[in-house]
Amino acid sequence: MVADRASDEALAKLAREGDTKAFEELFERYKSPILNFIYRLIGNRETAEEVTQEAFIRAYKSLGIFDPRKRFSAWIYTIARNLAKNALRDKKYFRDVSLEKAISGEGEDIKLKHVLSDPNPRPDEIALDEELSRNVQAVLKKLPAELREVITLCNIEQMTYKEASKILGVSEATVMNRLRKAKLIFMKELGIDTKSFGRDKNE
Amino acid sequence: MNNKVLENFDLIMANLKPIEASPGFDFEFRRRFEAAVRERCAETAFERIARRAVETFNSAFAPKIPVLIRSAAMFLILAVIGSGIYFAQPAKPLMLAKAQYLHIGSIVSTGNLSRLDIVLSGKYAIRLKKNTTLRVANLTPRRGRGKAVFELIEGTMLVSVEKGFKGSEFFVDTKEGSARALGTKFAVSASREEKITDVSVLEGKVEVEGGKELVLVKAGQKTEIPLGKSPLVPQRLVESEWLALEELYQIGKKPQVVLLVKNTPDRVRQLLAPCPIYITDEKPREIPKTLEEALVKIEEAIKTGDNQKHLEAIGLLERIASERPEASYATPLTLYIGAYYSYAGEPKKAIETFKGFLAEYPDSPLASIAQAAIGVIYEEDLNDEAKAKEAYSSVLNKYPNSLEAIWVEDRLKIKKLAKLPKYLAPGRVYKSEDDEHEAVYRKMLFAGRENKNFC
């Protein structure tokens, strides 16, 4: 039996009318994806947590302007994205925070290259591999912000092009193009030859 | 091979280990969230205040008109709205623009979609409504005893004569008669078709002459002058006429402290809600800085719900009002203090404040509100019917033309008929043989609801 779960938009409407429990429920649903999204963008856990909390507080304060006919997820992601961009611009944010060690140069990203080249990679192993996750983050950090965004939304968060386009405020075609470009640069960073890459299977 | 790499890439990304929030993450969020919830509850009161302030202010007051100083012989057009305005002197129509001069003999007309404000700073302000034609008949030079005479050929004009024009004379002539202002706010309408002139007075008095007869029209009254006849006996304004005159507050010098109440008979209810008080940014600034301190105190009081803080805020406001009782902000501020006392659960102090207002400002246009407020507080907060009745009677006797008189009359009528058998409870629909009886019950049902428009 499937439990009767209120939609995000219904909860947002209740929260707007003063139901704090409804907003807490929304927080529970989205805190992890938003935290990860922001972390992938800015690459620092501590700052990502701070920005995540700020995103939800801003969302709460702005409930009056949220249109329940639109998707709550797109709205909270947009707020999170904007705050993450501000955080990246604002060097103050990172001044006293220890930056994760960036992986650069040959030898340190061999594991990632190896997994990418593996004809039979195992998803369950990938999911448990922290080192691999750090490798990915390190390479992601080298990408321009707008390319990082599309990889995070489409590949990591598994959003459709349509969903991502709403958050980024661009067309689906732009999302597709950026994603292609993001993957090529990602591979180049790892020293993988991209000359004969076919089209993305999702296109 | 390369497609396989891309596939692996997608696989890696889809199965990437997510980061977990640190142990203190939820706790920290809840702390911030609770603070935001508290802030939102406090904001809600202010948002309501702001919303009501904006709604009422927008309907009662227009945006500021810039004020310029010119000689008595000519003045600038200060606000031109719409495009159908013509300037004929002697008979050559031109388009009028802001910052244009008018002279004696000028004729100004507004079209169907326009209006015009003419202001002599500190002296008087005139608004021509749509389809109005006005001629500048006479303006004496500054050196002499000032005299301004306008001929209203057709249409409606609103006039606000300021204190600075005291000692001078202001006339509006029409075909039917003439109105002389005695320091006041009033409106004159002249209809060519019906051959009749109306004069309605909001504040002060106007002496109206027609057919060699003179009548004095007081605040809250109007008269009509048919062509070739004497002015009719002044009658009390009805509610719609009061509302139409509200526009008079948009012209001329605006006060720095404004009580945001609409000019409807239930003004006293609006005041006691309590109504918001609006501080304009009219210059030169009279209101002292202590008011900011009082506003901070009020904010604290609302946030904490601490009645003691409300009383402290009232104390600060009283100090401001008593320091300069002659200042223009003192009257609205004193009324506000009375309403605030009532709100803070101090009805006796509220009555004391309103009585003090009547003693200090017996001729104020707001006096009728203070008198009616005394009645309401005796009746509803102190359950003293005898004193309430006395206060209401004073409204009818001393301020017969006021909006409060209309309100009190209605109230007393309803209360008379309200002494009916107990089984006839308000809120239920009864079949009555007497239509008037049922109509009064419906009215009582409406009047019985508390006016909580403030929150």
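Below, each value reflects all heavy atoms present in this structure, side chains not excepted, and no hydrogens, waters or symmetry copies. All chains are named by letter (A, B, ...) in the order of the sequence lines, taking the proteins before the strands, and each is independently numbered beginning at 1. None of these values were measured; they are calculated from a predicted model.
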Could you give me the CA-CA distance, side-chain angles and deciding distance for B/L16 and A/L132, then say whether side chain to side chain contact (heavy atoms under 4.5 Å, CB included) is met? CA-CA 8 Å; B/L16 212 55; A/L132 199 66; 5.5 Å; no
Expected output: side-chain [X] to main-chain [Y] donor-acceptor under 3.5 Å:
X: A/R45; Y: B/E20; answer: yes
X: A/N36; Y: B/I19; answer: yes
X: A/E49; Y: B/F25; answer: no
X: B/K17; Y: A/S133; answer: no

In terms of side-chain geometry, is the basic nitrogen of B/D26 or A/K31 positioned less than 4.0 Å from the acidic oxygen of its partner?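 A/K31 and B/D26: salt-bridged.
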Is it the case that B/N8 and A/D118 place a side-chain donor and acceptor less than 3.5 Å from each other? no
Please report the interatomic distance CG(B/N15) to CD(A/Q158), rounded to the nearest 0.5 Å.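 It comes to 8.0 Å.
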Supply the atom-to-atom distance A/L116 CG to B/K4 NZ, rounded to the nearest 0.5 angstrom. 11.0 Å
Is chain B contacted by the side chain of A/E28, its backbone, both, or neither, given a heavy-atom distance below 4.5 Å?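 Contact with chain B is through the side chain of A/E28 alone.
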Proximity breakdown for A/A59 and chain B, heavy-atom pairs closer than 4.5 Å: neither
How far apart are the C-alpha atoms of B/F33 and A/F56, what are their side-chain angles, what is the distance that settles it, and do they pass the ring-ring contact (aromatic ring centres under 6.0 Å, His included) test? CA-CA 8 Å; B/F33 181 55; A/F56 280 97; 9.5 Å; no
Should [X] and [Y] count as side-chain neighbours, where that means a heavy-atom distance under 4.5 Å?
X: B/D10; Y: A/K183; result: yes
X: B/M13; Y: A/F186; result: yes
X: A/I151; Y: B/F9; result: yes
X: B/F29; Y: A/T52; result: no
X: B/L6; Y: A/M187; result: yes

Heavy-atom distances under 4.5 Å only: say whether B/E28 touches chain A with side chain, backbone, both or neither.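 Both the backbone and the side chain of B/E28 come within 4.5 Å of chain A.
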Taking CZ in A/R71 as the centre, count heavy atoms belonging to other residues, nucleotides or ligands within less than 6.0 Å. Is the count above 12?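 No, not enclosed.
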For atom CZ of A/R58, decide whether the heavy atoms of other residues, nucleotides or ligands shown that lie under 6.0 angstrom number more than 12.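 No.
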